Every structure is written in structure tokens, then in C-alpha cells.
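Notes follow the structure.
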2 protein chains.
Amino acid sequence: MKPTVHDIARSAGVSLATVDRVLNGRPGVRHVTRERVEKAISNLGYVRDVAAANLAKGRTYSFVFVMPSNDNSFMIEIRDEVHAAMSRSGAERTQIRVVDVPPFDAQALADALDRIAADKPDGVAFVAVEGAQVHAAVARLKETGIAVVTLVSDLPGSERDHFAGIDNNAAGRTAANLLGRFTGGREGRIAAIAGSMLVRDHRERLEGFLAVMGESFPRLSVLPVMEARDDPALAAEVVSAALGHHPDIIGLYSLGAGNRGIVHALREVSEGARPVVVAHELTRTTRAALAEGLIDALLNQDAGHEVRSAIRVLKGKVEGLPVIAAQERIRIDIFLKDNMP
Amino acid sequence: MKPTVHDIARSAGVSLATVDRVLNGRPGVRHVTRERVEKAISNLGYVRDVAAANLAKGRTYSFVFVMPSNDNSFMIEIRDEVHAAMSRSGAERTQIRVVDVPPFDAQALADALDRIAADKPDGVAFVAVEGAQVHAAVARLKETGIAVVTLVSDLPGSERDHFAGIDNNAAGRTAANLLGRFTGGREGRIAAIAGSMLVRDHRERLEGFLAVMGESFPRLSVLPVMEARDDPALAAEVVSAALGHHPDIIGLYSLGAGNRGIVHALREVSEGARPVVVAHELTRTTRAALAEGLIDALLNQDAGHEVRSAIRVLKGKVEGLPVIAAQERIRIDIFLKDNMP
DNA sequence: TATTTTCTGATTTACGTACCTCAAAAACTG
DNA sequence: CAGTTTTTGAGGTACGTAAATCAGAAAATA
């Protein structure tokens, strides 16, 4: 039978109240007594019944998710997952609020964070945009005792507690590896298209990509990165122009969003002349393109995992628990048309 | 505030006892009253507090995991995950027992299942071996009212409730796709090495592999599959022999275990002459080989996910809940050296 | 020694649900 | 209509923990 607090009290020869004081770090227990209780705990292998504890506490955690009002599929998916979490919030004793901010706008983000800090929620998750203002706002949040997690795009060097997202440098390296191998020994040019070099995740992907391209595939030369602000229409235009200009493009890495436009542009190219394409995020568009053969490989980060991980970490931080790195690592999924979920 | 049973009772104008009778399907409620209560439940959006319910029930689920006494890394990992689940079992109100059976032995497996049935656990998970005896044993388990889940290797056509594992046909297809593309337009032979064609998962992988090879890569000819019973020593021998015999082998698909031996054999080959290699399962050996470049891509099924999914499904079955397919789908992970976790 | 301070014990209530009993009311039966 | 059966109500206990109160014991201080 699983030991309970009563068993510990009996085993340590103290009262229930004292056990409670030790377990919950309340004051008023002599050092020797505390040790006696702790020994009983480890002897009996007691573990707190979290369900019962939460039931007794009745406390709910209030979290705020700050989301850029982007309309690309991936951000929509993230929002959906946050909303799914909100609907589960009753069962998990969390209360989640979503705050919208304009995308790629450091000042607006910092302002939003400051406004949120005034409400004193237990935790905040946000998609980082780089900027000194944001760093400062994060510092203020932490000062107020609020747990802070970055989501999808990180803000290294800031005082955030955790980053819930993938290793974007590794993603770029993986993309390069796939593209290099899929082009099968041929020589030619590689085009890379990003949303914006102002966003850290895109920059890191490109860095990783270029590194592996340089190291392992000298036969391929990468054109200067194109930026299309994750806008499908702009992306279509840019890609079409590039393909028209350089008939020797044999590979394309789409490291941002706006794949709808890119797919559109690729469809115009005759089948034999189509480059090998690696893109990010499994969405309706990219899934169809993968099945059709317009995209050759997809790198994906699981939005659901990221959101749930962020919530788990926030909760843990509020309770003063350490982050279990292995559990919170978000994987880079690779999808070919054969292993699409 | 989250509604409770009290709120429902008040809203429906009935007593707590009646609400309880409706919620737990107990008899003795008139049809009209039952409907009134159900309406109140949906009106208020009541959801049972599972934690509190479990606390009150105090029931624990008893599950048995039947594992082949294989010593390959993947099976060891599965066992480790089962043990990890056992150590968590207190918190999750499950009691898990592990039963060992000799590998690849349908009769022994069937006997073990029959012995287990006598104990009347709530659920059983096992790694299937094909055979009429096993089908019959599963039927007997189900007759006794025991939930049954197959793990890693399935037993289609049997009365098992669920399969916790990957789509092995898709895995084979994915391997073929990778191998085809990584060999980059060259012509040559492809070797495939399996554990045993008696195990369904290996057979399905091979089927998928051959299908895509035939469809998409006619320039590659696949040699007859070699079987090495997941034994490293035997695998090393077989692979060495094949490579010696056919200098035009440019690709190798290791679809079973025993990769330690295969890696050993590959190391003997001069770097330029090494085939492209796709293997299964991320273990210490394969991870090192991937980093070193001896293996080019790894397909992986997450042992932890599989075990946890099996337990979740067993629990659900005992409680009469449906399986949420999307949640229980085990993904085929692809790892290149750049996205290893 | 007297007094204060610090520690500890005993006990209680609450969380939301399950499950039980007993009595009373309502609905049927003939 | 009386008698029987079915349905409902009222109330309690339990699960394991949190959190509080208050009294009493022990230790430290004056």
C-alpha cells in the first residue's frame, strides 16, 4: 500500500501537523525533528499524491500567452493549441488568457508585457522578438516574481526561465543535410527564403543551414537569402523571380512561413526542372504539397507539444520545481511523404 | 467557477444521490429525471474532476506486460520504460507486473497469456508473435473481460483492443524513400537485412520498402532479404559476406535489430566504398554510428511513447472510454546526425 | 525560578467525487 | 383502494492532502 502522510507521522513519531510543516516548508520545526521526518519520508518512499494535493489546495494558476497576430498556419495552430489548453484548463487548474500583439514589433511586445505584469499572473509565455525593450520587460516580469517562458522563438541572454521550442540551428543543419543528399551529387545553386532576418529562429536556421552547406556540400552554392515576411503573395513572387533568374537552382530551403505562395510558384515550374524543396511546418498546404511531390521533406515542430511544454514548465516554476530537460526538449520532426502523420 | 455535482443537483432540482446515480450509470432513476440531470450537466458544462474521482474510488488498475526476453537495445529500452512506469505506478493508480517469455515463440506466449488470464488482471500488453495459439489466447483473455493491447508488433485479426506501435509498412516506405534519394541517381544493388520474417513488424517493413523501391527507384535492385535473428554476431557475418560478394551494393536497409554487428561490418569497408545505410531505432550503438557517418539515417519509434500509450489505452478500456486515435498514434521519427535528440 | 519564545500535537474543515444506507415519496399493480 | 415496487431524498463516510487553530510542551532567556 502506498504510504500516506499518516504513515509518515506514525513512523517518525510526530504528529500530522509536523509532517505537513516539513512537507510544505512551513516554519516552526526543529532541525532534528525535520530530519527525522525526512528520513521517514525516504524510508517509506513516500510520494505526495499530487491529485489529492491539488484537490486540497484548490489553487489555480493564472497564465498569459502573448501571441503575435500573424495569420500563417503555424501561428494559427499554436493559437489553436493554446485554446485547446484553455478548454482543458478546468481540469488542470490553470486559467489561461491570450493577449495579441502586432508581429515583429519589439516595442509593442514590451509594452504588452508591462501591461500584463500589472495584473500579476503566475506566469507568462510569449513569442520573442529581439530588442532591448523586450529584455527589460522580461527583467521586470521576473522582478515581480512572474514565471517567464519564451515560445517558438527564444530570447537568449534575457532572464526568461525557459525556451519552449526547437533548436533552430539544428533544424537548419538538418535541412542542409537533406537538401545536399537529395540533390544527389549534382552541382548547382540553392535558394533560401526566410520570413525576416530580424527574427531569431529564422536567423538561426539560416546559420545552421549555411554551416552544413559550406562544410559538407561545396558543390552547391547558396544564393543570398530572400526575405518575404512570411507573406504568401510576396513569397510566390520572390521565388518565381529567383527561379526565372537562375535556371540552375536545384534546391530550395523555405525556412519561414508563407509556404502557400512558394508552393504556388513551384507548381508553375515544369516537373523536370523543379528543385528539391525542404520547408518547415506541417500544415494543410505543406502536407498536400508533400504528398504531391512539390515539397520533398518537411521539418516540423509540434505546436501541441510546445504549448503543453510551456504550460508544464510555467506550472513547475511557480511550484519551484526544476525543469526536466529531457522531457521538455521539443523534437525536430522530419516528414517525408511516407511518414506523414 | 467550475461546476460541481452540487451545482448540477441544485440546477436540476434533484438530490446529490440522483446526480450520482446518473453520472455513474447506477439504476433506479426514471427516464425523465435522468434527462433532466443530463440537461443540467450539459447546460452547466460540467466535467467530472478526474483527480477527485480517482481519489474517491481508490481503485487501482492491475496490468501485466508480457515481454520477450530479447537482449537487443530496443527491447531493453522498452523494458526500462515499463519499469519507469512501474515506479510511477503509485501516482497513477496502476500496478504493473512484467512477465518474461522466450522470443519468437508463439506457444510459449500463448501459454503465458493463459496463465495471466487466471489472475484476472484488468489489462494485458504484449509483443505479438503470430500464431493461431496466440489468437486463441487473446480471445480467452477478452472473454474474461481483460483489456488487451499489442505492443511494438501487432496481431491483426485478433480480438486485441489496440496496437501501440508504428505503422511498419510506412516505416519501410520511408526507408526506401530515404535510401533511394540518398544514393543520388546512381545505379546499383540494395541489401536488406531483417531479424526474422516470422515477425510481423519486420515483414511489414520489408513489404513497404520493396513497394517503394519498385515504384520509385527502378535503377536500384534489391537483393533477397537476409535474416540474422536480431543477433549482432550473425548480422556482422551476413553483411560482410554480402558486401564482399556484391561490390555494387550502394545501399543497406537494416530493418531489424542487431545493428551493433552491422556497424562493425561497415567499419571494415573503406570509406569510399561504404553503402548508404538506413537502420531502425536510436540506441547507443546506432547513435554513435549516425554521428560517425556509418549510418546515414535512422528510423525510430519512441519506446516511452509506446509504453505510455499502451497504459493509457488499457486504462481507458477498463473505464469503457474510446481510444483517441490521434493521441495514440506513434510517430515514425527520422533522425539524421543533425537532429538527434 | 519565572517568563518568554519556539516548537509540537491534536483536531478540524475543506476540496470533489464515489458509494453506501435508510427512509420517504411517488408511481404503478391488481 | 390497499399493497407493492420503483424512484428519490437526505445524510453520512471515505479518499489523501492542505491549512488553519489552539493548547500544551520544551527550550531559551531574563
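For clarity, every value in this text was computed on a predicted model and none was experimentally measured. Naming: A, B, ... by sequence-line order, numbering from 1 per chain.
Looking only at distances, a side-chain donor or acceptor of Asp7(A) sits under 3.5 Å from a matching main-chain atom of Thr4(A). Using a distance-only test at 3.5 Å, with no hydrogens or angles considered, a donor-acceptor pair links the side chain of Asn72(B) to the main chain of Phe74(B). The closest donor-acceptor contact from the side chain of Asp161(B) to the backbone of Val148(B) lies under 3.5 Å. Checked by atom type and distance alone, the side chain of Asp122(A) pairs as donor or acceptor with a backbone atom of Ser62(A) at under 3.5 Å.
When the nucleotides dT11(C), dG16(C), dG11(D) are ranked by their closest atom to the side chain of Leu16(A), dT11(C) comes out on top. The side chain of Lys57(A) has dA19(D) as its nearest neighbour among dA10(D), dA19(D), dT17(C). When the nucleotides dT17(C), dG9(C), dT17(D) are ranked by their closest atom to the side chain of Val5(B), dT17(C) comes out on top. Distance from the side chain of Arg30(B) is smallest for dT7(D) among the nucleotides dT7(D), dG9(D), dT17(D). Of the listed nucleotides (dG11(D), dT17(C), dA18(D)), dA18(D) has the atom at the smallest distance from the side chain of Arg26(A).
Listed pair Thr18(B) / dG9(D) meets the phosphate criterion, a side-chain N or O lying under 4.0 Å from OP1 or OP2. For dA19(D), the OP1/OP2 oxygens have no side-chain nitrogen or oxygen of Arg21(A) closer than 4.0 Å. For Thr4(A), no side-chain nitrogen or oxygen approaches OP1 or OP2 of dG16(D) to under 4.0 Å.
Using a 4.0 Å heavy-atom distance criterion, Ala53(B) is classed as a sugar-phosphate-only contact. Among the heavy atoms of the strands, none lies under 4.0 Å from Asn54(A). Counting non-hydrogen atoms under 4.0 angstrom, Asp20(A) reaches a base of the nucleic acid.
Taking atom CZ on Arg48(B) and atom C1' on dC19(C), their separation rounds to 13 Å, with Å as the unit. Atom-to-atom, CD1 of Ile41(B) to C1' of dT17(C) comes out at 13 Å; the value is rounded to the nearest Å. One can place NE2 of His6(A) at 12 Å from C1' of dA18(D), the figure rounded to the nearest angstrom. The nearest whole Å value for the distance from the CD1 atom in Ile8(B) to the C1' atom in dA18(C) is 14 Å. For the pair Arg34(B) CZ and dG9(D) P, the interatomic distance rounds to 13 Å; values are reported in whole Å. In this structure, the CG atom of Leu55(B) is 13 Å from the C1' atom of dA14(C), given to the nearest Å. Residue Asn24(A) contributes atom CG, which lies 11 Å from atom P of dT17(D) at whole-angstrom precision. Between Lys2(A) atom NZ and dT17(D) atom C1' the separation is 11 Å, expressed in whole Å.
Side-chain N/O atoms of Thr150(A) and Asp154(A) include a donor and acceptor closer than 3.5 Å.
Scanning both residues, Arg48(A) and Ala53(A), for their nearest heavy atoms gives CD-CB, 4.0 Å.
Annotation: of the two residues near DNA chain D, Arg36(B) and Pro3(A), the 5′-most nearest-nucleotide partner is Arg36(B). Comparing Ala51(A) and Gly13(B) by the nucleotide of DNA chain D that holds the closest heavy atom to each, the one mapping nearer the 5' end is Gly13(B).
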